Amino acid sequence: EEKDPDEEEGEALDPRIQRELDLLNVASGEINRLENELDEARSKYRSIVSETSGKMEALSRDRKRSIQRAREYYTTTGEARHAQAEALKAARQFQTATIVHRAAKGTVALAECRLIESTGSSTAQLTSASQNAESCHYKGDGS
């Protein structure tokens with residue numbers, strides 16, 4: 001015989017099913033409670049963000065000139081550091097060039113001495129030729 005669905009409602013449920021339904025009801029209630037807490041927390045968060053943003057905008061308006069001066073100061077300080085580094089680099093290059101120049105002068109002087117010894121030329125002639133060469137070099141340099 002087939003049972004009518006209305007008759008089944010009157011019968012007791014299996015205790016295991018009843019226990020699972022009770023757990024499901026408890027879990028559903030907990031989920032609803034947590035969702036409500038989440039909604040409240042989100043609402044509070046939006047309120048705090050809105051309030052804080054307003055305060056920050058007001059502070060920014062009040063302190064605009066100070067902020068602008070501080071920004072200029074830090075920009076200028078950075079540029080000064082860069083200029084100092086470039087000056088140090090140039091000083092090192094100058095020092096290296098000076099050392100190379102001194103070495104070249106020494107090499108030229110040594111070459112002159114050896115030339116004098118080997119050709120027997122007089123020092124006066126060599127000095128005159130050297131000065132002539134230097135004056136031509138400076139004229140060609142544009143200095």
Side-chain angles (χ1 to χ4, degrees), residues 3 5-143:
K3 292 185 178 178
D6 291 336
E7 289 178 20
E8 287 182 22
E9 286 180 16
E11 294 177 17
L13 288 175
D14 183 347
R16 293 176 295 180
I17 293 175
Q18 185 63 46
R19 187 172 42 247
E20 291 300 319
L21 286 174
D22 290 341
L23 287 174
L24 185 61
N25 283 336
V26 169
S28 182
E30 183 67 13
I31 288 171
N32 287 337
R33 185 185 67 77
L34 291 173
E35 284 178 343
N36 288 337
E37 283 183 23
L38 179 62
D39 288 341
E40 288 175 24
R42 284 181 176 160
S43 176
K44 188 174 182 179
Y45 171 77
R46 281 190 295 272
S47 172
I48 290 171
V49 167
S50 176
E51 182 182 330
T52 304
S53 294
K55 287 180 181 178
M56 289 297 290
E57 287 175 18
L59 283 172
S60 180
R61 280 191 305 272
D62 293 345
R63 306 284 193 269
K64 186 175 184 173
R65 183 66 186 140
S66 298
I67 292 169
Q68 189 176 14
R69 277 196 243 143
R71 186 177 295 127
E72 291 169 2
Y73 169 79
Y74 285 107
T75 301
T76 304
T77 302
E79 291 170 357
R81 264 188 258 128
H82 178 70
Q84 185 178 18
E86 289 295 317
L88 184 60
K89 181 180 172 184
R92 287 181 182 146
Q93 288 174 342
F94 176 77
Q95 187 177 21
T96 302
T98 302
I99 291 169
V100 169
H101 179 258
R102 283 186 188 147
K105 279 177 72 175
T107 303
V108 168
L110 183 61
E112 286 175 348
C113 288
R114 288 186 181 162
L115 181 64
I116 291 171
E117 291 172 0
S118 68
T119 61
S121 300
S122 70
T123 307
Q125 289 174 334
L126 191 54
T127 304
S128 172
S130 175
Q131 287 173 350
N132 244 352
E134 283 183 12
S135 70
C136 288
H137 173 70
Y138 288 125
K139 286 179 188 172
D141 239 0
S143 299

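Note: hydrogens, waters and symmetry copies are ignored here, and every other heavy atom, side chains too, is used. Residues: numbered from 1 along the sequence shown. Everything numeric here is computed off the predicted structure, so don't read it as measured data.
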*Going by heavy atoms in the side chains, are His82 and Glu79 under 4.5 Å from each other?*
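No - every pair of side-chain heavy atoms lies 4.5 Å or more apart.
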_Can you confirm whether Glu57 sits close enough to Arg61 that some side-chain heavy atom of one is under 4.5 Å from a side-chain heavy atom of the other?_
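Side-chain contact under 4.5 Å: yes.
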*Modelled atom types, side-chain donor and acceptor of Asn36 and Glu40, under 3.5 Å*: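 Side chains of Asn36 and Glu40: no pair found under 3.5 Å.
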Ignoring hydrogens and angles, tell me if any N or O in the side chain of [X] forms a donor-acceptor pair with the backbone of [Y] under 3.5 Å.
X: Ser28; Y: Leu24; value: no
X: Ser43; Y: Asp39; value: no
X: Thr98; Y: Phe94; value: yes
X: Thr77; Y: Tyr73; value: yes

Quick one: pull up [atom1] in [X] and [atom2] in [Y] and give me the separation to the nearest 0.5 Å.
X: Leu59; Y: Lys64; atom1: CG; atom2: NZ; value: 14.5 Å
X: Arg19; Y: Asp14; atom1: CZ; atom2: CG; value: 8.5 Å
X: Gln93; Y: Leu88; atom1: CD; atom2: CG; value: 10.5 Å
X: Leu23; Y: Gln18; atom1: CG; atom2: CD; value: 10.5 Å

*asked:* Less than 4.0 angstrom from a charged side-chain N to a carboxylate O is my criterion; do Glu37 and Arg33 meet it?
replied: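 Answer for the salt bridge query: yes.
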*If you measure from the Lys or Arg side-chain nitrogens to the Asp or Glu carboxylate oxygens, is any gap between Lys55 and Glu51 under 4.0 Å?*
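Yes, Lys55 and Glu51 are salt-bridged.
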*With a cut-off of 6.0 Å (strictly less than), are more than 12 heavy atoms of other residues, nucleotides or ligands near CZ of Arg114?*
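Count not over threshold, so no.
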*asked:* If you count heavy atoms of other groups shown closer than 6.0 angstrom to CD of Gln84, is the number above 12?
replied: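 Incorrect, the count does not exceed 12.
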*Go through Arg16 and Glu20 one step at a time and tell me if the side chain to side chain contact (heavy atoms under 4.5 Å, CB included) criterion holds.*
CA-CA 6 Å; Arg16 293 176 295 180; Glu20 291 300 319; 5.7 Å; no
